[in-house]
Amino acid sequence: MRSGDARREILHAIRTNLESSPPVQSSPSPERRGGQGVRTPEGRGGQEVRIKRFTEQLAAVGAQCTTVRSETEAAAALARILADAGARRVVGSDAPLVQRILAAVGNDIVIDRLERLSRDELFACDAGVTTAQWGIADTGTLVLESARERSRLLSLVPPIHVAVLSVRCICESLGDALARLSVASHAITFITGPSRTSDIELTLVVGVHGPQTVHVLLMEGP
Amino acid sequence: MTFERDARTALADGQLRGALRQATTLFGERRRAALATVPDWEGARDRARAIKDETLEHLDRYLEEFAANAERAGACVHWARDAAAACDIIGGIAERRGARTVVKSKSMASEEIHLNAALARRGIEAVETDLGEYIVQLAGETPSHIVVPAIHKTKAQIAALFADKLGIAPSDDVATLAAAARDALRRRFAEADLGISGVNFAVAETGTILILENEGNARMTTSLPHTHVALMGIEKVIPRFADLDVFLQLLPRSGTGQVLTAYQSLITGTKRRAEDEGPEELHIVLLDNGRSRMLASRVTRQALACIRCGACLNACPVYRQIGGHAYGSVYPGPIGAVLSPQLFGLARSAALPYASSLCGACRDVCPVKIDIPALLLHLRAQVVAEGVAVGKGHLRERLAFWIYATVMVRPRLFAWLMRAVRSLRIMPPLGAWTKWRDLRPLAPRSFREQWRAGLGDQRGPDA
Ligand code: SF4
């Protein structure tokens, strides 16, 4: 098989070339956990501090955030967000929480289910609603795991992405988040603010391919 | 020599130089501000480099581990000895899937192997979807900067281009232009049969590939079409999932001065359940194309640690003047000057190791501490040893440097020569030098002469 040959050839070339230069004796072997030294100090503060930092960072990267205390409040906040943006067609993910919140949003808005949409219909939607599995306080980042929810396209294609996140799921740093992730998800997506580009004369434009608006509904509570 | 000619053209282009200065200065400033948010930047650089060194030292093992884990997760891993093999593999996949259109997110490796041309020969259209790359492709040009590919074009030029190719009303509003590209590209995303992406990091431990971006086009490319092909150089592998932490701290800060780019996609194989979203097939193409050769020496091996952040371009005084096109390679700037001769052969890029003043700015900003000046010197030595013709200017230049060296180590000869030059008012024949620069006039008296005449006793020259 040709592919097998190429594999053998490349590995052979790597080995031969490596052998032709003397090995380093004292290559400082990096620690088992790669990023440790960079992370922020442990125990920098409790949940309160993390929440504060997370919301500050969200603002810094151009995302919106509304704190809510219940599903009813979340539905009211979502209705306002959608009305303010003039959104008519909204799609929710398969997360039960999202389904419950959408059901309580009211009837001015057409609510679709992702599995019933064709690609063209998905492209015509105004807003996508998902949950986020994790937040990262240091960077204002949302982390979405494919094994937990069908959020990959809804957090990308519509111009507005609304993500529900529990305050309990805010990690301190990128390293903390990486440590909690499992590659049982074939796709893990880190989202930090809206889609952006500076490709034309270095002028910032948001919403070039992905959403223009990222709105986090931060759920407090038990 | 094309480098000389292209550099001349670039220097004569005032608009290009202005845009370059603006971009490189802006990224330089943002980078400095972003570094301040990392408590131990030097430590992070050292750790990242140590991880890269460890990986390269055992590259065979880590590649095999990566391939095995990616395959276990459902990916199909291909090995490509050179550019032609990689193009064959990808072209073959596209044909088997019956693809007429493929969407692409930014991949320097795909430019390295001239993938678009190879696909076009099979009648397959490759559409670049990164806004800057899209502009450059529409215009029939090549990127001029790793991070901002269309930095050489003004919005007026882009507006005219879009009016012509996309049929939109001319507009000088950048948001309107971006929206026009978004609409045009959405249609291409909807119809594409295949998505081709690059890879920023590949994790051996899990078989995961990671792609960073800001626009969302890489997410579109890797989630909408039925088939995703990821092309990566064999040096992109890192051992552990947790190693991503330090690289994600370094790359965006060094490249665009962002703490984190808008999106990171971590893809591990294909979807697990029928109802999952994403491509049915994931093909990962591992590209050697001259990389394994670079392992043979510790000096050249360093270049394989590069994470393509672009910081060395922004810091380089030569790049800041001439931009990316003059390097005549997909890899411009300081890192390009060391990569291109090694990947594509000294004979094709012998002038590039000389396209540097060896000031060391690239080494200082490099997040993985690649000693680019040392590499350049190593390659210059090779150019000389192999007797590769560099260009007609170089014989004269060598003679000039020989004279310079002879004079500079003999103070009395130097003083005598300078007096002669001053009294005779002759200027050295520096036509090539002064064409693009202004030579400062010689002072009426040298510093040494002023010093001897009493400047040394605390009084200012005007007192
Ligand atoms: S050589 Fe260093 S600074 Fe230049 S692109 Fe590569 S990683 Fe960045």
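Chain naming here is simple, since letters A, B, ... match the order of the sequence lines and numbering starts at 1 in each.
- If you measure heavy-atom distances from B/Leu26 to chain A, the contacts under 4.5 Å come from the side chain alone.
- In this structure, B/Arg21 places its CZ atom where only 12 or fewer heavy-atom neighbours from other residues, nucleotides or ligands lie under 6.0 Å away.
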Candidate pair B/Thr261 and A/Thr192, rule side chain to side chain contact (heavy atoms under 4.5 Å, CB included), full reasoning: CA-CA 7 Å; B/Thr261 56; A/Thr192 307; over 6 Å; no

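- Using a 4.5 Å cut-off on side-chain heavy atoms (C-beta onward), A/Arg15 and B/Ser292 make no contact.
- At distances below 3.5 Å, at least one donor-acceptor pair connects side-chain atoms of A/His209 with backbone N or O atoms of B/Thr129.
- Between B/Leu286 and A/Ile10, the closest side-chain pair of non-hydrogen atoms is not below 4.5 Å.
- With a 4.5 angstrom heavy-atom cutoff, B/Leu59 touches chain A via backbone and side-chain atoms both.
- When heavy atoms are compared at a cutoff of 4.5 Å, B/Phe27 approaches chain A solely by way of its side chain, counted from C-beta outward.
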Under the side chain to side chain contact (heavy atoms under 4.5 Å, CB included) rule, what do B/Leu224 and A/Leu153 come out as? Steps first, then yes or no, please. CA-CA 8 Å; B/Leu224 282 172; A/Leu153 295 176; 3.8 Å; yes

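- The contact between B/Arg273 and chain A is made entirely by side chain atoms (from C-beta outward), counting heavy-atom distances below 4.5 Å.
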Which is it for B/Trp79 and A/Glu9 under the side chain to side chain contact (heavy atoms under 4.5 Å, CB included) test, yes or no, and what are the steps along the way? CA-CA 9 Å; B/Trp79 302 69; A/Glu9 270 177 50; over 6 Å; no

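- Separating the CG atom in A/Asn17 from the CZ atom in B/Arg291 is a distance of 14.0 Å, to the nearest 0.5 Å.
- Listed for the B/Glu277 side chain is a donor-acceptor partner under 3.5 Å among the backbone atoms of A/Ser151.
- B/Arg186 contributes a side-chain N or O that, together with a main-chain N or O of A/Val157, makes up a donor-acceptor pair within less than 3.5 Å.
- Using a 4.5 Å cut-off between heavy atoms, B/Ser223 contacts chain A through both its backbone and its side chain.
- Taking 4.5 Å as the limit, every side-chain heavy atom of A/Gln212 sits out of range of all side-chain heavy atoms of B/Arg182.
- One finds the CD atom of B/Gln264 at 7.5 Å from the CG atom of A/Leu174 (value rounded to the nearest 0.5 Å).
- Looking at A/Ser20, both its backbone and its side chain come within 4.5 Å of chain B, counting heavy atoms on both sides.
- Atom-to-atom distance recorded for A/Arg152:CZ and B/Arg219:CZ is 8.5 Å, nearest 0.5 angstrom.
- Using modelled atom types, one finds no donor on one side chain facing an acceptor on the other under 3.5 Å when comparing B/Arg272 with A/Ser185.
- The pair B/Glu64-A/Arg7 counts as a salt bridge, with a side-chain nitrogen and a carboxylate oxygen less than 4.0 angstrom apart.
- Two residues are said to be in side-chain contact when any heavy atoms from C-beta on lie closer than 4.5 Å; B/Ser265 and A/Phe190 fail this criterion.
- A side-chain donor-acceptor contact under 3.5 Å links B/Glu215 and A/Thr197.
- Here the CG atom belonging to A/Leu178 is positioned 13.5 Å from the CZ atom belonging to B/Arg240, to the nearest 0.5 angstrom.
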Output, in order, the C-alpha distance, side-chain angles, deciding distance and verdict of side-chain hydrogen bond (donor to acceptor under 3.5 Å, both in side chains) for B/Arg301 and A/Ser21. CA-CA 10 Å; B/Arg301 187 187 298 180; A/Ser21 73; 2.6 Å; yes

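- Contact check for A/Ile200 versus B/Ile135: side-chain heavy atoms found under the 4.5 Å cut-off.
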